[in-house]
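Here is the structure we will look at, set down as structure tokens.
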Amino acid sequence: MRPSHPGPSIRRRIAALAAGLALAAGLGAAGTSHAEPPGSATAADDTAVALHYRTGNGGATADQIEPWLKLVNTGDQSVPLGELTIRYYFKAESPGTDYRFGCSWAVVSCSQVRGSFGLLDQPTATADRYLEVGFGTGAGTLAPGTDTGDLQLRLHRADWQQVVQSDDYSFGAAQTAYGPWERITVRRGGALVWGTAPEGEDPGEPGEPGDPTGELFDDFDYTGHADPALSGNGWIVRGYPGGPGVPGASWPAENITFPTSGGSTVLNLESGTDGTPGGTEQSELYTSELKFKEGTYAARVRFSDAPRFGPDGDHLVQTFFSINALEAPMDPDYAEYDFEYLPNGGWGEPDNILYATSWETYRPDPWEAVNTHTAERTSFDGWHDLVFTIDDQSIRYYLDGRLFAVHGEPYLPERPMSINFNQWFIDLLGQPDTTPRAYDQQVDYVYFAADTALTPAQVTARIAEYRGEGVSFEDTVPAG
């Protein structure tokens, strides 16, 4: 991002987090006010689905992995395909290797098949990540006694170098004809209904977290950008010019609002343009204090693929991140950790993409960066639970409860940071139309626990605890 800017007892029954995990499992993200309901246990218990697999490329090494799949309904109840996800487990060639998903052919239509990649919390000798396959709402329903027909899928390295699949957990060289295969799993509403995952899939019950040395929680219960409580609680509404984004764009404070959504207020960041630099407005909210370092950062964020009004297609960035100031080019004490969503592409990407990026440092002119990133190319329109944790060994990014990325040295922070949300335009090349348009990014809550790494489920339980007690704001994080 690199923008140009610089209670009750701390021990709020942290042990209740562990107990709260049972509540979180029942509530899912419904512990937050805008979550979509998770799949019901009853639906999962009644599901009888088998997965049949054959390999479309049986070599020990290959230019791409080709799992060909069929889902078979072996029960007596119809199953909506949109409620099912499939996981194919494999071992990456190296921790930094990036992969791409493709659908060559599907009876249900490739337009209804989506793929994304995830990391295992505990890597094994045969699996450290997985391809997760899901279905759109137009994929239909799988009736009893029927199957989906072919799902001819593929995955390959982004650089198109050879992949070694002989050591992959889900690969079966002898599977040259369709048959049941339990090394690929199927889930409904998050519950396992078919197959056996590698041991690293389930990290086990999380232990009781350490006692944070301070916490920040904000439910964004404000009346507007000029509400005295907003600045009183340590937030700055940006109103000054400068980067990032389109040169000449403004950052009007009134673009920060707090509308009602799902029965409670949320933070709304509006950014708009008429296709000209002078007619481009961006938005940002950030903490006034740089006091956040090791710990757990969490927010529930609604990304938007389309504008609220006007033509679509702008190269836009929607964010949640922490950052400190670059004191000089290649400053070794600089730090930045980003979730960045590009709904319409940009930076050379043609379509929507989500980045998790960890920074060591950079030089603005001539440009030089020391960073690393993990990316997923699919739509993330809608509400998402974003969590990243920082300890003395790694930065771990979680998306909707799943491990999304792990970054290590040399990207660990040396100095405290601020917490930030902003929405801005990379350029004005994605949509040349001069018709005005505006995009919204919303935030349900933000949370930080100092000096302790919580799991996403523990974060959910903590948010439910705050809201159950009627707490809309707390900040006990010591000054940096």
Side-chain angles (χ1 to χ4, degrees), residues 1 3 5-18 20 207-222 228-238 267 284-300 320-327 331-339 358-359 386-398 411-421 443 445-456 458-467 469-480:
M1 292 296 88
H5 64 260
S9 169
I10 292 174
R11 293 179 172 269
R12 291 179 54 86
R13 300 183 298 282
I14 291 300
L17 282 172
E208 183 175 324
D211 192 1
T213 56
E215 292 177 281
L216 168 70
F217 170 71
D218 202 327
D219 218 8
F220 294 118
D221 186 16
Y222 303 105
L230 187 63
S231 58
N233 287 343
W235 292 102
I236 292 178
V237 178
R238 180 170 178 175
L267 163 65
E284 181 168 23
L285 182 75
Y286 60 95
T287 60
S288 58
E289 291 190 80
L290 282 73
K291 61 178 183 177
F292 307 96
K293 196 180 176 191
E294 287 85 4
T296 302
Y297 300 74
R300 184 161 176 78
F320 165 46
F321 64 105
S322 63
I323 194 171
N324 61 28
L326 184 77
E327 301 291 351
D331 175 7
D333 291 337
Y334 176 76
E336 179 182 347
Y337 308 97
D338 305 326
F339 275 108
S358 300
W359 291 77
L386 308 179
V387 175
F388 61 95
T389 64
I390 303 175
D391 58 25
D392 59 0
Q393 295 183 326
S394 65
I395 309 103
R396 300 170 72 86
Y397 295 85
Y398 296 86
Y411 308 106
L412 299 175
E414 291 82 16
R415 294 198 318 255
M417 299 168 286
S418 60
I419 294 176
N420 305 248
F421 300 94
V443 185
Y445 70 84
V446 66
Y447 173 76
F448 174 77
D451 301 311
T452 188
L454 304 181
T455 67
Q458 288 167 337
V459 170
T460 299
R462 189 72 183 102
I463 302 309
E465 182 183 6
Y466 272 117
R467 288 176 164 168
E469 295 176 354
V471 176
S472 61
F473 176 82
E474 176 180 272
D475 184 3
T476 58
V477 180

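For the numbers below, each heavy atom of this structure counts, side chains included, while hydrogens, waters and symmetry mates do not.
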(request) Would you give the length of the straight line joining atom CD of Glu474 to atom OH of Tyr466, rounded to the nearest 0.5 angstrom? (result) 3.5 Å

(message) List the residues meeting side-chain contact (heavy atoms from CB on, under 4.5 Å) with Glu414, not counting sequence neighbours, and say none if there are none.
(response) Asp333, Glu360

(request) Output the distance between atom CE (Met417) and atom CG (Asn324), rounded to the nearest 0.5 Å. (result) 6.5 Å

(request) Supply the atom-to-atom distance Ile390 CD1 to Glu294 CD, rounded to the nearest 0.5 angstrom. (result) 7.0 Å

(message) Are Asp338 and Trp359 packed together at the side-chain level, in the sense that at least one heavy-atom pair is separated by less than 4.5 angstrom?
(response) yes

(message) Is the shortest side-chain heavy-atom distance between Pro456 and Tyr398 below 4.5 Å?
(response) yes

(request) Check whether any side-chain heavy atom of Phe217 sits under 4.5 Å from a side-chain heavy atom of Arg462, and report yes or no. (result) no

(request) Answer yes or no: is there a side-chain heavy-atom contact under 4.5 Å between Arg415 and Glu327? (result) yes

(message) Side chains of Leu454 and Tyr447, heavy atoms from C-beta outward: is any pair under 4.5 Å?
(response) yes

(request) Sequence neighbours left out, what passes ring-ring contact (aromatic ring centres under 6.0 Å, His included) with Phe220? Give chain and number order. (result) Trp235

(request) State which residues pass ring-ring contact (aromatic ring centres under 6.0 Å, His included) with Tyr397; sequence neighbours excluded, sorted by chain then number. (result) Phe339, Phe388, His407

(message) Minimum heavy-atom separation for Glu289 and Ala479, please, with both atom names.
(response) OE1-CB, 3.8 Å

(message) I'd like to check Asp211 versus Thr452 (side-chain heavy atoms, cut-off strictly below 4.5 Å). Are they in contact?
(response) no

(message) My understanding is that only residues two or more places apart in sequence, or in another chain, count here; which of them pass side-chain contact (heavy atoms from CB on, under 4.5 Å) with Ser472?
(response) Asp219, Asp221

(request) Flag the pair Asp391 / Thr389 as yes when at least one side-chain heavy-atom distance between them is below 4.5 Å, and no otherwise. (result) no

(message) Tell me if the aromatic rings of Phe448 and Tyr297 count as close, with their centers under 6.0 Å from one another.
(response) yes

(message) Would you say that Val446 contacts Phe421 through its side chain, given a criterion of any heavy-atom pair below 4.5 Å between the two side chains?
(response) yes

(request) Name all residues meeting the ring-ring contact (aromatic ring centres under 6.0 Å, His included) criterion together with Tyr222; count only those two or more places apart in sequence or in a different chain, and write none if there are none. (result) Phe258

(message) My understanding is that only residues two or more places apart in sequence, or in another chain, count here; which of them pass side-chain contact (heavy atoms from CB on, under 4.5 Å) with Leu326?
(response) Asp331, Tyr334, Thr361, Tyr362, Pro364

(message) Once rounded to the nearest 0.5 Å, what's the spacing between atom OG of Ser322 and atom CG of Asn420?
(response) 7.5 Å

